2 protein chains.
Amino acid sequence: MYNQETAKIVIIEDDETIRDGYAYLINHTSVYKVVSTYPSFDVAKHKIVKDAPDVIILDIQLPGTSGIDALPVLKKLLPKTYIIMLTVYETEKMILDALANGASGYFTKNTSPAKIIEAIKEVMQGGGPMSPDVAKKVIMSLQKNQDSPLTKRETQILELIARGKDRSQIANELFIEIETVKTHVKNIYIKLNVNSKADAIKVAKANKLI
Amino acid sequence: MYNQETAKIVIIEDDETIRDGYAYLINHTSVYKVVSTYPSFDVAKHKIVKDAPDVIILDIQLPGTSGIDALPVLKKLLPKTYIIMLTVYETEKMILDALANGASGYFTKNTSPAKIIEAIKEVMQGGGPMSPDVAKKVIMSLQKNQDSPLTKRETQILELIARGKDRSQIANELFIEIETVKTHVKNIYIKLNVNSKADAIKVAKANKLI
DNA sequence: TAAAAAATACCCCTTTAAGGGTGATTTTTT
DNA sequence: AAAAAATCACCCTTAAAGGGGTATTTTTTA
């Protein structure tokens, strides 16, 4: 594992006040060492491999290449480095994109430096820290609509359809006849006001029915 | 919104030591009030509506009805109540199931009472608290495999297939011919060693390629 | 306990999609 | 310049999708 005593941090953040503030606080109130700070990814990319950081604190709103676009590149340059995202915005899409692309943690900028230092510690220990507002959005993205127009069986069948299964596979899996599956599918289409698998999946996902 | 001063908590947990311990600490070191504690859901279900709790702390490993099974019932009985799950285990499936079924937060039992009190506060303010190890698992479930055998285009097409789109819809969306889509699909099948949409989706999801 | 909702199953029908084989060109990356 | 990725086209057969209608049994709820 890593040696926490010497863990190296790099901060990529365009706002000089925030950048220097975090750097100062990490250096003076924690065991971690900020080895470099950069105002943009485009400046950082040529030097960051030499820094060999254990953790990168990456702002999303950067001039030039955005933090989101920088993420996959950084993961390729430094596969073992943990990346904690920082942002002022917190749209569900942005958060999910960042996490899907390899971010280890995600914080909004109203997060105190103490929490960020705690997050560095957590990330070094294999955790996945995020601020409560971010966690809320992630949880919401996992939650299903409580008052679905679909019955349990219909929801179950629609989920199987969404996994690419055809009628006969669904029938086999649920120990019912193909014709029964067909009837359920027809009722699903009527309830969702669609007339194809693709549209049913689209509507169901938009309304978090599946 | 809720009045934080009088927020009512119910604890459902079979271990008496843990149950009383959390209750004592919440009552004596926070502004929240534990109005009832129960050793199982089966005992709680008849009385909990009268308790009208703002937050329920729900153990997963309960005698009789498990916390996972109790979750949808509780959501129906008390739709506006926040539920924080507690567990000793932390399998990805269990966590995702709990969150998908309406849990507001998720903690493992090595979590300090202070963190639980903080979690109650966060949940009352609309946050979605979870312990770092849980957050890690949630993040992992969102992350894609970095070294996929599929090309970008193939991944993109497989994602559209997984959304139930057929060849012609994919062709339209990507501004390419149906025949090209077909070729990509054939190459996907060869790379994943499958010969159907359903199997391709299954293998791809198992390996987090999509 | 009676009514309503959900789940089950079968018949008709037509159109469309899926999957496999083979070969080839162009574009992009390395 | 070579390799990888993306593009397109023709052959073929079988399987699936979607729309229509009807009807029974089981489960849930009022």
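The chains referred to below are lettered A, B, ... by the order of the sequence lines, with proteins before strands, and numbering in each begins at 1. Values in this document were obtained by computation on a predicted structure and should not be read as measured data.
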For [X] and [N], give me the distance from atom [atom1] to atom [atom2], rounded to whole Å.
X        : N      : atom1 : atom2 : value
A/Arg153 : D/dT26 : CZ    : P     : 15 Å
B/His184 : D/dT7  : NE2   : C1'   : 7 Å
A/Leu160 : D/dA16 : CG    : P     : 15 Å
B/Ile161 : D/dA17 : CD1   : P     : 14 Å
A/Asp199 : D/dG18 : CG    : P     : 9 Å
A/Lys152 : D/dT26 : NZ    : P     : 19 Å
A/Ile170 : C/dT8  : CD1   : C1'   : 16 Å
B/Leu150 : D/dA5  : CG    : C1'   : 13 Å

message = Is it the case that the side chain of B/Ser30 and the backbone of B/Ile26 share a donor-acceptor pair, with hydrogens and angles ignored and the cut-off at 3.5 Å?
response = yes
query = Taking everything shown except A/Lys202 itself, do over 12 heavy atoms lie less than 6.0 Å from its NZ?
reply = no
message = Any side-chain N or O of A/Thr180 below 4.0 angstrom from OP1/OP2 of C/dA9?
response = yes
ask   = Quick one: what's the B/S/- string for nucleotides 17-25 of chain C, heavy-atom cutoff under 4.0 Å, read 5' to 3'?
value = SBBBBB---
Do [X] and [Y] get their side chains close enough for a donor-acceptor pair, meaning under 3.5 Å?
X       : Y       : result
B/Ser40 : B/Asp42 : no
A/Asp51 : A/Tyr38 : yes
B/Ser66 : B/Gln61 : no

Salt bridge or not for [X] and [Y], using N-O below 4.0 Å?
X        : Y        : result
A/Asp59  : A/Arg19  : no
B/Lys136 : B/Glu92  : no
B/Lys144 : B/Glu159 : yes
A/Lys137 : A/Asp133 : no

Side chain of B/Ile176 - closest among C/dA9, D/dC8, C/dA6 = D/dC8
Atom pairs, N/O to N/O, protein against nucleotides 27-30 of chain D, distance under 3.5 Å?
none

